[in-house]
Amino acid sequence: MTIRTRFAPSPTGLLHIGGARTALFNFLFARHHCGQFLLRIEDTDRERSTQHAVDVILEGLAWLDLTPDEPPLFQSSRAVRHAEVAYQMLASGHAYRCYSTPDELRQMREQAIADGRPPRYDGRWRDRDPADAPAGVAPAIRLRAPRDGETVVDDLVQGAVRVANAEMDDMIILRSDGTPTYLHAVVVDDHDMEISHVIRGDDHLTNTFRQVQIYQAMGWAPPRFGHVPLIHGADGAKLSKRHGAVSVLEFEAQGFLPEALCNYLLRLGWGHGDAEIISRDEAIRLFDIDAVGRAASRMDYAKLTHLNGVWLRQADDTRLTADVLRRLRDRTDLVLDDVAAARILALMPGLKERAKTLVELAESAAFLARVPPLPMDQKASALLTDEAKATLREIAAALAATDFSAGALDAALRAYAEHAGKKLGQVAQPLRAALTGSTVSPGIDATLAALGRDEALARISAASR
RNA sequence: GUCCCGUUCGUCUAGAGGCCCAGGACACUAGCCUUUCACGUUGGUAACACGGGUUCGAAUCCCGUACGGGACGCCA
């Protein structure tokens, strides 16, 4: 049997990290088992679905490199098929028409809650003569669910979960306007798409029983299910639009690398011994659904940030340089020409070692695109005393005599320090201030080399005046 | 309220009856390294929710309790 999984978000909100992780797990599971990963947009709620949300989902998945193997299926395009199946069930006696109005149902629910009973449809049209149908009321179609026995789901993550059928009422499968409900559409689509494994959020676990009843009514073999626990916000509360549930694209804006976010998400709810830094290829090799934990987990930005630093250091210099230039593009205080780009690329090995996010990286690279005289931060200007300025003029002369390679510069600096009876730090820090306008940068030799002879000497000259 | 699920350091996790007076990672913290800042490195603080069983032996199995989460819609 070919393994086929799907990610089925509804375009009524953003693609948040919970959804992203669900997509990742589906993707990894499919790849691990040499199967296919599909995408289905559940846009049956026409009122709340938006094109913008669809775009965000598609963009987000592309950014995370979780591209589906087939074009996305839009659930709304399958309304005819959903209705067809509902009528089949009606014909076979597995469903019936219900003429209760939404208002009536609401009263029924409120009454049940007031009486301390579970809020459920009482099945008043289940066995009623269709001749009793009130005129002018369009009926909804309900599943004639079994009332005895129990329904069992052998979940890949949660294990065997069972519920008494008496706990469930007859759910609506086709609304009075002829459109399918979610529970029904999902089953029909998963069946028609030949989905073998449904991996989704824990919040769907209790829905699964009702879906299984539809499979049974249609005589279809249900897929295997795996319900992964939800991700909570940093404070332990459920992810909501108000906090934490930001779009995955927001993570991009905040300077996180997609491979870092995937690595983080993978380790949230799943573990493999002591493995922490896991590439996509390794993830495909190691991941399996049975190692997914059963408890909800919290979003931890500190750990994500750490992981991002690890991946940043491993990332390609050209790629990072392009990202930095993009983030700095709109800065009016910088000159982002080819010269600046070349400097940033040249210093990237040292810059990426010191940054945890792409935002920090861009900020730390900005000095390379400045035109002297540089703005000095407080600590830098404090370093540039009259004595230091005099020293800088001497250093400039020593540096000018080299070929401006990092090795030669380092040697010249050390020789000068020894000659002047100073510690290297006393030499390097004023120089750093002059070159960068701050007290933090990659190694001073590499920084000098990246700037190049003319620019470096110009900056030293400007700062030592 | 009813049903379902969960509970190992602050956080993410390893752990499938003896290897665990519980390991790793992040965070925090003390050193080392050092040309600043990072990185790296060596230590440290810190957890099996609680109570009963079962067993020679339980973080691991069973039952309760507490707490947390989810679902109960002509939303998805």
Side-chain angles (χ1 to χ4, degrees), chain A residues 8-13 42-45 47-49 75 98 100-102 105-106 109 112-121 138-142 155 157-159 161-164 167-169 171-177 179-183 185-186 201-210 227 229-230 232 234 236-238 264 267-277 293-307 309-310 313 350 353-356 364 379 383 410 413-414 417 423-429 431-433 436 438-445:
Chain A
S10 78
T12 53
E42 310 230 307
D43 56 349
T44 48
D45 185 349
E47 300 279 295
R48 296 194 297 152
S49 296
Q75 191 159 60
C98 169
S100 295
T101 62
L105 293 171
R106 187 177 47 74
R109 250 190 318 271
I113 290 168
D115 295 350
R117 289 179 290 115
R120 286 200 275 263
Y121 173 66
I141 296 180
R142 284 183 187 269
D155 194 270
V157 175
Q158 308 290 341
V161 184
R162 57 191 67 226
V163 72
E167 296 293 334
M168 290 181 281
D169 61 6
M171 70 179 138
I172 290 175
I173 55 176
L174 205 66
R175 298 185 187 108
S176 51
D177 66 0
T179 61
T181 57
Y182 160 77
L183 254 13
V186 163
D202 218 352
D203 48 343
H204 290 285
L205 183 58
T206 48
N207 284 333
T208 307
F209 298 110
R210 323 185 79 112
H227 287 92
L230 301 179
H232 292 158
K238 190 189 176 185
Y264 176 73
R267 285 286 292 103
L268 218 49
W270 176 88
H272 185 85
D274 289 344
E276 295 285 350
I277 309 300
R294 280 176 288 189
S297 44
R298 294 186 188 203
M299 183 66 201
D300 181 0
Y301 281 88
K303 186 151 186 174
L304 202 212
T305 302
H306 169 263
L307 240 22
V310 171
R313 271 173 260 141
E353 188 80 16
R354 290 162 173 76
K356 290 264 203 309
S364 73
K379 285 181 186 169
L383 275 173
D410 179 63
L413 247 22
R414 286 177 193 281
K423 294 181 67 173
L424 216 43
Q426 294 174 279
V427 176
Q429 274 311 83
L431 193 50
R432 194 179 322 270
T436 71
S438 82
T439 52
V440 177
S441 84
I444 203 69
D445 47 354

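Here is how names work: the chains are called A, B, and so on, in the same order as the sequence lines, proteins then strands, and each is numbered from 1. Keep in mind that what you see is a predicted model, and the values were worked out from it rather than measured. Hydrogens, waters and symmetry mates are skipped; everything else that's a heavy atom, side chains included, is used.
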>> Can you tell me if A/K356 touches the phosphate of B/C39, counting only side-chain N or O atoms and a distance under 4.0 Å to OP1 or OP2?
In response: yes

Side-chain atoms of A/R175 come closest, of B/C72, B/C26, B/C74, to B/C74

With the side chain defined as heavy atoms from C-beta on, A/V440 is closest, among B/U36, B/G69, B/A27, to B/U36

- Item | Between B/A47 and B/C39 - P atom distance, rounded Å | 27 Å

| query | Hey, does A/S176 reach any base, or is it just sugar-phosphate, or nothing, if we go heavy atoms under 4.0 Å? | reply | base

Interatomic distance, CD@A/Q426 vs CG@A/L383, rounded to 0.5 Å, equals 11.0 Å

The nucleotide from B/A76, B/G24, B/U11 with an atom nearest the side chain of A/E276 is B/G24

Categorize A/G309 for me: base, sugar-phosphate, or nothing, with a 4.0 angstrom heavy-atom threshold over every strand shown.
nothing

Would you indicate what A/I444 reaches in the nucleic acid, counting non-hydrogen atoms under 4.0 angstrom: base, sugar-phosphate, or nothing?
base

Quick note, A/R142 side chain, CB onward, closest among B/C4, B/C72, B/C74 is B/C74

Report which part of the nucleic acid A/D115 touches: base, sugar-phosphate, or nothing (heavy-atom distance under 4.0 Å, all strands). nothing

Looking for any heavy atom pair under 4.0 Å, which part of the strands does A/D410 touch: base, sugar-phosphate only, or nothing?
base

Original post:
Counting any heavy atom closer than 4.0 Å, what does A/R313 reach on the DNA or RNA strands: base, sugar-phosphate only, or nothing?
Top reply: sugar-phosphate

Any strand, both distances under 3.5 Å, Watson-Crick or G-U wobble: B/U29 pairs with B/G43

pair_partner(B/C67), Watson-Crick or wobble, both distances < 3.5 Å, evaluates to B/G6

Distance check, P atoms only: B/U11 and B/G68, in whole angstrom units. 15 Å

Evaluate the side-chain proximity of A/T44 to A/T179: yes if any heavy-atom separation is below 4.5 Å, no if none is. no

Checklist entry - Taking A/D445 for the side chain and A/D410 for the main chain, is one N or O donor matched with an acceptor at less than 3.5 Å? => result no

Check your understanding: Hey, is the side chain of A/T12 poking within less than 4.0 Å of OP1 or OP2 on B/A76, counting only N and O atoms?
Key -> no

task = Using a heavy-atom cut-off of under 4.0 Å over every strand shown, decide if A/Q158 touches base, sugar-phosphate, or nothing.
result = sugar-phosphate

Under 4.0 Å, counting only non-hydrogen atoms across every strand here, what does A/I172 touch: a base, just sugar-phosphate, or nothing? base

- Which value, in whole Å, describes the distance between the C1' atoms of nucleotides B/C21 and B/U8? 15 Å

Please classify the nucleic acid contact of A/P9 as base, sugar-phosphate, or nothing, using heavy-atom distances under 4.0 Å.
nothing

Determine yes or no for a side-chain-to-main-chain donor-acceptor pair under 3.5 angstrom, with A/T181 supplying the side chain and A/I172 the backbone. yes

Mind running side chain to side chain contact (heavy atoms under 4.5 Å, CB included) on A/S10 and A/Y182 for me, showing each step along the way?
CA-CA 10 Å; A/S10 78; A/Y182 160 77; over 6 Å; no

* To do: Report yes if some heavy atom in the side chain of A/Y264 is under 4.5 Å from a heavy atom in the side chain of A/H306; otherwise report no.
  => no

Q.
When the C1' atoms of B/A66 and B/C28 are compared, how many Å lie between them, rounded to an integer?
A. 30 Å

Rounded to whole Å, CD of A/Q429 lies from C1' of B/U35 at a distance of 7 Å

Among B/G10, B/C72, B/G24, the one nearest any side-chain atom of A/R120 is B/C72

Mind checking the P distance from B/U60 to B/G15? Whole angstroms is fine. 15 Å

**Prompt:** What does A/D445 touch in the nucleic acid at a heavy-atom separation under 4.0 angstrom: a base, only the sugar-phosphate, or nothing?
**Reply:** base

Distance col, row A/Q429:CD vs A/T439:OG1, nearest 0.5 angstrom, shows 6.0 Å

Applying the 3.5 Å cut-off to both distances, the Watson-Crick or G-U partner of B/C19 turns out to be none

OP1, OP2 of B/G6 versus side-chain N and O of A/R294: anything below 4.0 Å? yes

Within the 4.0 Å heavy-atom criterion, would you say A/H272 contacts the bases, only the backbone, or no part of the nucleic acid? nothing

Pairwise P distance, B/G44 and B/G51 [rounded to whole Å]:
29 Å

Picking from B/A38, B/A76, B/G70, the nucleotide nearest the side-chain atoms of A/T206 would be B/G70

Distance col, row A/R313:CZ vs A/K356:NZ, nearest 0.5 angstrom, shows 6.5 Å

Which is true for A/E353 with a 4.0 Å heavy-atom rule: it touches a base, it touches only sugar-phosphate, or it touches nothing? base

The answer to which of A/R267 and A/L183 contacts RNA chain B further toward the 5' end, by nearest nucleotide, is A/R267

Taking for A/G271 and for A/D169 the nucleotide of RNA chain B with the nearest heavy atom, the one nearer the 5' end belongs to A/G271

Exercise. Look at the side-chain N and O atoms of A/R298 and state whether any lies under 4.0 Å from the OP1 or OP2 oxygen of B/G10.
Key: no

task: Answer yes or no: side-chain N or O of A/R117 and base N or O of B/U2 forming a donor-acceptor pair under 3.5 Å.
output: no

- Can you find an N or O donor on one side and an acceptor on the other, under 3.5 Å apart, linking the side chain of A/R354 with the base of B/C37? yes

Closest to the side chain of A/V161, out of B/C4, B/C26, B/A76, is B/C4

Looking for any heavy atom pair under 4.0 Å, which part of the strands does A/K423 touch: base, sugar-phosphate only, or nothing? nothing

Which of B/G1, B/A76, B/U35 is nearest the side chain of A/P119? It is B/G1

I'd like the C1' distance from B/G57 over to B/G17, given in whole Å.
7 Å

Under a 3.5 Å limit on both distances, the Watson-Crick or wobble mate of B/U36 is none

Applying the 3.5 Å cut-off to both distances, the Watson-Crick or G-U partner of B/A58 turns out to be none

Does A/S297 make a side-chain N or O approach to OP1 or OP2 of B/U13 shorter than 4.0 Å?
yes

(message) Within the 4.0 Å heavy-atom criterion, would you say A/S100 contacts the bases, only the backbone, or no part of the nucleic acid?
(response) base

Side chain to side chain contact (heavy atoms under 4.5 Å, CB included), that's the test. Do A/V440 and A/K379 meet it? Break it down for me. CA-CA 10 Å; A/V440 177; A/K379 285 181 186 169; over 6 Å; no

For this session: Pick the C1' atom in B/C20 and in B/C48, then give their distance to the nearest Å.
Result: 10 Å

message = So, under a plain 3.5 Å distance rule, would you say the side chain of A/S441 forms a donor-acceptor pair with the base of B/C37?
response = no

Among B/A27, B/G70, B/G24, the one nearest any side-chain atom of A/K303 is B/G24

